[in-house]
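A short worksheet on the structure shown next.
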Amino acid sequence: DYANSVGKSKVSDYELTKSEQQIQDYEKVGIDYYKWLILQDKADTNKNGYVTKDEMNKALNKSGLTSTQKALIKKDMNKSK
């Protein structure tokens, strides 16, 4: 679905959703969609379907992502609350 949306946005006036734009921003700093999904899954330690800031911070510390990548994710987590 994401790939289709990106394609549509390049050839028409279609605008990406907030989530799709977020994924595109992550890809610009080297976090592909699948890496993001895996990170979210690992961060959701209690498997309730919601990732808290604390859970994400713990996952980010173990992720091997660069400081730039981590900063973007943290910025987005702060915007969502």
| task | Evaluate side-chain contact (heavy atoms from CB on, under 4.5 Å) for Thr45 paired with Lys58, printing each intermediate quantity in order. | result | CA-CA 10 Å; Thr45 55; Lys58 288 177 183 177; over 6 Å; no
Measure the [atom1]-[atom2] distance between [X] and [Y] for me, rounded to the nearest 0.5 Å.
X: Glu27; Y: Trp36; atom1: CD; atom2: CH2; value: 12.5 Å
X: Ser19; Y: Gln24; atom1: OG; atom2: CD; value: 13.0 Å
X: Ile73; Y: Lys75; atom1: CD1; atom2: NZ; value: 12.0 Å
X: Asp44; Y: Lys42; atom1: CG; atom2: NZ; value: 13.5 Å
X: Ile31; Y: Asp25; atom1: CD1; atom2: CG; value: 10.0 Å
X: Thr52; Y: Asn46; atom1: OG1; atom2: CG; value: 7.5 Å

[X] atom [atom1], over 12 foreign heavy atoms within 6.0 Å:
X: Lys70; atom1: NZ; answer: yes
X: Gln21; atom1: CD; answer: yes
X: Lys62; atom1: NZ; answer: no

| task | Step by step, work out the side-chain contact (heavy atoms from CB on, under 4.5 Å) result for Lys53 and Met56. | result | CA-CA 5 Å; Lys53 288 180 184 180; Met56 183 55 78; 5.8 Å; no
| message | Hydrophobic clusters here meaning ILVMFWY residues chained together by side-chain heavy-atom distances under 4.5 Å, can you tell me if Val29 and Ile38 are in one? | response | no
| said: Test side-chain contact (heavy atoms from CB on, under 4.5 Å) on Lys35 and Leu65; report intermediate values, then the result. | reply: CA-CA 10 Å; Lys35 183 182 271 187; Leu65 295 175; 3.9 Å; yes
| message | Any side-chain to backbone donor/acceptor pair from Gln69 onto Thr66? Under 3.5 Å, distance only. | response | yes
| Evaluation steps, side-chain contact (heavy atoms from CB on, under 4.5 Å), between Asn57 and Lys74 | CA-CA 8 Å; Asn57 284 329; Lys74 287 180 181 183; 3.2 Å; yes
| task | Determine the minimum heavy-atom distance between Ser63 and Leu39, stating which atoms define it. | result | CB-CD1, 4.1 Å
| task | Go through the side-chain N and O atoms of Tyr26 and Asp76 and say whether any donor and acceptor fall under 3.5 Å apart. | result | yes
